[in-house]
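Each remark here refers to the structure printed beneath this line.
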Amino acid sequence: MGLEFIDISRDDAYERPRVRSAASGQNTTMPERRRRSEGQRIEMPERRRRPEGQRIEMPERRRRPEGQRVEMPERRRRPEGQRVEMPERRRRPEGQRAEMSERRRRSEGQSAAVPERRRGTEVEIYPLPDNRNGRSRKNNTEQKAEQARARRRKRRQRRMIAARMVTLLFLVALIVTAAFLLIKLIQGLRDTQEVANDFQTTVERQKVIEENKTYKPIMTEDFIPVNEYSRPGETLPEVNNIFVHYTANPGTSAAQNRSYFENLGITGETSASAHFVIGYNGEIIQCIPLNEIAYAVAGRNYDSISIECCYLSEDGKFTEDTYQSLIRLSAWLLNEYNLAPEDMRRHYDEGGKKCPLYFVENVDSWQQFLNDLEEYKNIMMEQME
């Protein structure tokens with residue numbers, strides 16, 4: 001490739017030099033970034049501008065005498081008429097044609113020559129190595145069959161696990177159901193035994209009442225309505241003691257005290273009641289059945305019967321009519337429940353409340369009452385025999 005220098009002193013002096021190809025003779029266009037706009041003249045900077053018509057002088061070191069030929073350096077000069085010998089590695093035998101490369105042969109439209117090792121009528125297919133361990137891959141059909149067998153095994157395992165879980169849950173439910181039924185059976189047997197015992201007790205009480213009906217004192221059954229403050233309606237399971245009380249309100253009658261118990265179910269002031277109320281004239285009113293509890297003695301309501309007594313004097317002493325009715329009623333109850341006079345109690349004996357007041361402050365009077373009660377009970381039993 002050679003360079004052609006153009007004299008810039010002509011009209012197109014400011015046109016840039018172009019690189020001319022020695023082989024093709026075509027001008028090589030400058031890059032776009034160095035190209036100027038159409039018709040635009042490049043202004044030379046002041047320091048590079050020369051006077052009009054002045055020729056560029058070559059520097060002294062690059063100038064040679066007129067007509068002098070450039071001598072080649074010694075190392076690049078060869079003798080006249082001497083042929084350049086190709087190196088051994090690039091020389092080919094005489095008359096041998098150079099083979100075109102595969103890339104050039106295909107570009108010129110020639111078919112690519114098949115190497116000797118690949119020539120032949122039959123093509124042998126070699127098995128592809130496995131990606132992991134180099135072993136031959138299995139046949140596609142065998143792989144699919146093996147995958148199908150693996151899927152079937154997994155399905156069988158899942159079905160077996162599900163069947164075991166269902167069996168386990170069934171056994172657990174069966175055990176729980178059996179335990180529940182067993183508990184219910186035991187409770188049923190216990191309830192049946194309790195009902196039988198209650199029935200037997202009721203029969204025995206009824207028998208005693210029938211035998212002792214002659215000695216049952218005259219009384220009025222005026223039961224108060226069931227309510228949570230004076231008659232809860234709960235069953236009285238047993239009777240171990242009989243308690244004597246006084247109304248703590250002198251001059252009130254048995255009917256008035258019975259009404260007071262009934263009104264508690266409306267007012268809700270407190271919880272109080274008794275099975276019997278004896279008036280100061282000796283009348284007896286039964287407020288609550290004997291098979292139900294009364295709110296009379298805290299802590300002993302479920303195994304006792306209570307008797308309220310009216311009075312007139314301030315010291316709490318009962319009238320003679322009240323005293324006699326109390327002896328008859330107590331004797332009948334002791335005989336009914338197979339109890340003794342020693343099973344009689346003052347309200348004072350359970351909790352320390354001064355009730356009945358006269359029997360608490362006069363212990364001899366209480367002991368006299370117990371003696372009178374035992375004597376009356378013995379007479380009653382002799383007459384019954």
Side-chain angles (χ1 to χ4, degrees), residues 101-107 109-206 225-240 265 268 271 288-295 297-304:
S101 63
E102 185 74 18
R103 182 176 54 186
R104 292 183 61 188
R105 186 181 298 120
R106 292 185 179 180
S107 63
Q110 300 180 10
S111 60
V114 179
E116 187 68 25
R117 58 185 177 84
R118 298 180 60 185
R119 292 177 189 170
T121 57
E122 295 182 359
V123 178
E124 184 178 359
I125 300 176
Y126 297 94
L128 295 176
D130 188 74
N131 292 335
R132 293 184 179 180
N133 50 18
R135 294 178 298 178
S136 299
R137 294 181 179 177
K138 294 183 178 181
N139 187 278
N140 192 21
T141 305
E142 295 180 356
Q143 289 183 353
K144 290 182 179 178
E146 185 175 354
Q147 292 175 0
R149 287 193 295 270
R151 286 194 296 269
R152 286 195 294 272
R153 283 196 298 270
K154 290 181 179 179
R155 284 197 294 270
R156 285 196 298 269
Q157 291 176 357
R158 286 195 292 267
R159 285 196 293 268
M160 290 176 62
I161 293 174
R164 290 175 182 175
M165 292 296 294
V166 171
T167 305
L168 181 61
L169 292 176
F170 176 75
L171 291 176
V172 171
L174 186 61
I175 293 172
V176 171
T177 304
F180 178 76
L181 293 177
L182 181 61
I183 293 173
K184 284 294 184 181
L185 180 61
I186 294 174
Q187 290 180 352
L189 293 175
R190 186 180 302 170
D191 295 341
T192 304
Q193 185 66 30
E194 291 178 357
V195 171
N197 293 337
D198 293 342
F199 179 76
Q200 183 67 25
T201 303
T202 303
V203 171
E204 291 177 357
R205 287 180 182 177
Q206 187 66 29
V226 177
N227 63 86
E228 59 178 326
Y229 294 100
S230 56
R231 184 188 173 186
E234 297 183 25
T235 303
L236 178 64
E238 57 182 350
V239 177
N240 297 321
S271 296
I288 296 177
L290 293 178
N291 59 351
E292 295 183 13
I293 68 169
Y295 288 148
V297 182
R300 297 296 306 277
N301 291 327
Y302 288 90
D303 68 337
S304 64

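Since the model is a prediction, treat every value here as computed from it, not as a measurement.
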Heavy-atom pair of closest approach, residues Gly265 and Ser230: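 What the structure gives for the nearest pair is N-OG, 4.3 Å.
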Minimal non-hydrogen separation, Tyr229 against Tyr295, with atom names: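 Smallest interatomic distance, heavy atoms only, reads O-CD1, 3.3 Å.
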Salt bridge (charged side-chain N to carboxylate O under 4.0 Å, His left out) contacts touching residues 158-170 (sequence neighbours left out):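 For residues 158-170: none.
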Side-chain atoms of residues 166-189: list all donor-acceptor pairs with protein atoms under 3.5 Å, sequence neighbours left out, distances to 0.1 Å.
residue, atom, partner, partner atom, Å
Thr167, OG1, Ala163, O, 2.8
Thr177, OG1, Ala173, O, 2.7

Name each donor-acceptor pair under 3.5 Å that joins a side chain in residues 147-157 to protein atoms two or more places apart or in another chain, with its distance.
none

Minimum side-chain heavy-atom gap Leu236-Asn291 below 4.5 Å: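 No, too far: nothing below the 4.5 Å cut-off.
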Test item: Pro289 and Arg231 side chains (from C-beta on) under 4.5 Å apart, heavy atoms: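 A side-chain contact exists here, since the closest heavy-atom pair is under 4.5 Å.
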Donor-acceptor contact below 3.5 Å, side chain Asp303 vs main chain Asn301: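 Judged by distance alone, no pair lies under 3.5 Å.
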Between CD1 on residue Ile293 and CD on residue Glu234, distance to nearest 0.5 Å: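 Nearest 0.5 Å value for the CD1-CD distance: 4.0 Å.
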